[in-house]
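Read through the structure below, which is laid out as structure tokens, and then see the notes.
Just so it is clear: chains get the letters A, B, ... in the order the sequence lines come, proteins before strands, and each one is counted from 1. Basis for what follows: all heavy atoms, side chains included, without hydrogens, waters or symmetry-related copies.
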There are 2 protein chains.
Amino acid sequence: MVTTEESGSRARTRQAILQAAIEVLSRNPAASLAEIATAAGVGRTTLHRYFAERSDLLAGVVAEGVTRLNRATRRARLDSGSGAEALHRLCAEYFELGDLLSLIFADPQLVADPAWATEVCDDDFHGVVARGHADGSIDPALPSTWLQSVLWAQLYAGWSYLAEHDVSRHEVLGLVTRTVAGAVALRR
Amino acid sequence: MVTTEESGSRARTRQAILQAAIEVLSRNPAASLAEIATAAGVGRTTLHRYFAERSDLLAGVVAEGVTRLNRATRRARLDSGSGAEALHRLCAEYFELGDLLSLIFADPQLVADPAWATEVCDDDFHGVVARGHADGSIDPALPSTWLQSVLWAQLYAGWSYLAEHDVSRHEVLGLVTRTVAGAVALRR
DNA sequence: CCGCAATGGAACATCACTGTTCCACTACGG
DNA sequence: CCGTAGTGGAACAGTGATGTTCCATTGCGG
């Protein structure tokens with residue numbers, strides 16, 4: 001660790017604020033700091049103690065997002081099975097990111113943050129697609145960058161579908177993976 | 001017509017403002033009115049003459065969006081061919097909506113506008129899917145509401161892909177339709 | 001040429017959000 | 001029991017967006 005450790009209390013408050021920020025900003029990227037503080041069950045003053053300026057909070061959210069995303073990618077164990085199978089697992093793991101998915105879509109310029117480009121391991125994804133192209137489980141006519149767009153769009157569709165319709169999380173995940181699988185598969 | 005006709009000049013300015021609003025808001029839903037006015041090549045004062053408050057402008061944008069959407073739906077001639085074929089044409093027509101697609105995604109609460117629910121003909125879409133379920137061209141495991149989410153998500157993916165990568169409009173439309181076709185098709 | 005429609009710019013009050021300071025309160029360990 | 005860390009609330013000035021008013025300019029038809 002380069003930075004000094006925080007007390008348990010501070011670390012907990014910090015996480016509460018980040019979590020609240022993700023939830024609130026995913027619904028409204030222009031939300032005020034007061035809204036976020038309230039959602040975190042914290043005074044606005046306290047929020048400013050942890051993140052002096054709005055941009056600091058946003059940077060914190062990006063960092064937290066990158067961390068969660070990388071954890072999910074690791075959990076997907078992309079190096080085993082066919083390309084399509086790995087993609088299927090990745091889909092399921094990313095789906096669990098929940099609000100973060102909405103946030104990524106609601107505020108694309110957050111993803112434009114330099115930290116995102118440098119710390120998120122896109123290469124793993126492209127590797128999976130290349131493997132899928134080679135082993136015949138992924139349509140070679142669909143480039144890797146396009147499939148990345150498709151995957152995210154589909155995940156977002158699933159998450160917002162979950163919010164709007166009265167269906168179970170599991171059921172929606174089934175729809176998402178089935179749809180992605182169909183979109184990706186080689187045509188006869 | 002219930003409302004009084006406007007002079008040619010006024011109608012043109014009004015359209016310029018609405019078009020600029022769609023373009024600017026699709027990139028940043030929190031854009032200021034000054035930005036929109038500048039993009040429209042119009043003074044802020046003039047903008048206020050056409051739309052007294054911000055909410056009036058947003059209502060105008062929604063109305064314009066509904067109009068364009070309905071025109072596109074009509075152009076798709078949903079009543080001919082198989083369900084999947086009709087969906088394919090709808091996809092192509094909606095893709096031409098361009099910025100409007102981004103706007104619908106960038107500001108979902110705009111679509112929550114009551115005018116949207118009442119004036120957009122969702123029934124036509126559900127009819128197409130039902131036909132596709134019946135004629136075997138659309139997987140019956142995928143409900144109509146879900147396919148609606150999928151279609152929009154895919155269109156948005158295509159449009160943002162176009163903005164980020166150096167590919168032709170036509171090429172992207174090909175990717176979108178191919179992907180949607182695969183996602184929708186019945187599994188073997 | 002006159003008058004009207006349409007416009008742009010300047011100036012203004014208002015408002016919400018922001019970032020900051022200061023003070024009071026609570027909890028917890030020594 | 002005392003001191004400190006963590007916190008919340010009130011108050012404040014600065015800033016930018018908003019909505020309004022007023023005036024000057026342009027262009028076009030009668």
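Between F51(A) atom CZ and dT18(C) atom P the separation is 15 Å, expressed in whole Å. Taking atom NE2 of residue H48(B) and atom P of nucleotide dG19(D), one finds them 5 Å apart after rounding to whole Å. Taking atom CG on L58(A) and atom P on dC17(C), their separation rounds to 16 Å, with Å as the unit. Regarding E53(B), its CD atom lies at a distance of 14 Å from the C1' atom of dA17(D), rounded to whole Å. As rounded to whole Å, 15 Å separates atom C1' of dC15(C) from atom CZ of R54(B).
Legend: residues meeting side chain to side chain donor-acceptor pair (under 3.5 Å) with D135(B), ordered by chain and number and at least two apart, are S137(B). In this structure S168(B) satisfies the side chain to side chain contact (heavy atoms under 4.5 Å, CB included) test together with H170(B), E171(B), sequence neighbours excluded. Under the salt bridge (Lys or Arg N to Asp or Glu O under 4.0 Å) criterion, E96(A) pairs with R169(A), not counting sequence neighbours. Shown here are the side chain to side chain donor-acceptor pair (under 3.5 Å) partners of E53(A), two or more places apart in sequence or in another chain: there are none.
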Counting primed atoms, P, OP1 and OP2 as sugar-phosphate and everything else as base, the B/S/- map of nucleotides 3-10 of chain D against protein heavy atoms under 4.0 Å is ---SBBBB
Contacts under 3.5 angstrom, residues 45-52 of chain A side chains, donor-acceptor by atom type, not counting sequence neighbours:
from: H48(A); atom 1: ND1; to: R44(A); atom 2: O; distance (Å): 3.3

Could you tabulate the donor-acceptor pairs under 3.5 Å formed by side-chain atoms of residues 151-162 of chain B, not counting sequence neighbours?
from: S160(B); atom 1: OG; to: Y156(B); atom 2: O; distance (Å): 3.2
from: S160(B); atom 1: OG; to: A157(B); atom 2: O; distance (Å): 3.2
from: Y161(B); atom 1: OH; to: T145(A); atom 2: OG1; distance (Å): 2.7

Side-chain donor-acceptor distances from residues 103-117 of chain B under 3.5 Å, at least two apart:
from: D113(B); atom 1: OD1; to: A115(B); atom 2: N; distance (Å): 2.7

For residues 58-67 of chain B, please give each side-chain donor-acceptor pair under 3.5 Å, one per line with the distance, not counting sequence neighbours.
from: E64(B); atom 1: OE2; to: R68(B); atom 2: NE; distance (Å): 2.9
from: E64(B); atom 1: OE2; to: R68(B); atom 2: NH2; distance (Å): 3.4
from: T67(B); atom 1: OG1; to: A63(B); atom 2: O; distance (Å): 3.0

Please set out all donor-acceptor pairs under 3.5 angstrom arising from side-chain atoms of residues 73-87 of chain A, sequence neighbours excluded.
from: T73(A); atom 1: OG1; to: L69(A); atom 2: O; distance (Å): 2.8
from: T73(A); atom 1: OG1; to: Y94(A); atom 2: OH; distance (Å): 2.8
from: R75(A); atom 1: NE; to: E93(A); atom 2: OE1; distance (Å): 2.8
from: S80(A); atom 1: OG; to: R89(A); atom 2: NH2; distance (Å): 3.2
from: S82(A); atom 1: OG; to: E85(A); atom 2: N; distance (Å): 3.2
from: E85(A); atom 1: OE1; to: S82(A); atom 2: N; distance (Å): 2.9

Which is it for T179(B) and L147(A) under the side chain to side chain contact (heavy atoms under 4.5 Å, CB included) test, yes or no, and what are the steps along the way?
CA-CA 9 Å; T179(B) 306; L147(A) 289 181; 5.9 Å; no
Just the table, please: protein N/O against nucleotides 25-30 of chain C N/O, every pair under 3.5 Å.
none

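Of the residues in residues 22-40 of chain A, those placing a heavy atom less than 4.0 Å from an atom of DNA chain C are S32(A), L33(A), in numerical order.
Within 6.0 Å of NE2 on H88(A) lie no more than 12 heavy atoms contributed by other residues, nucleotides or ligands.
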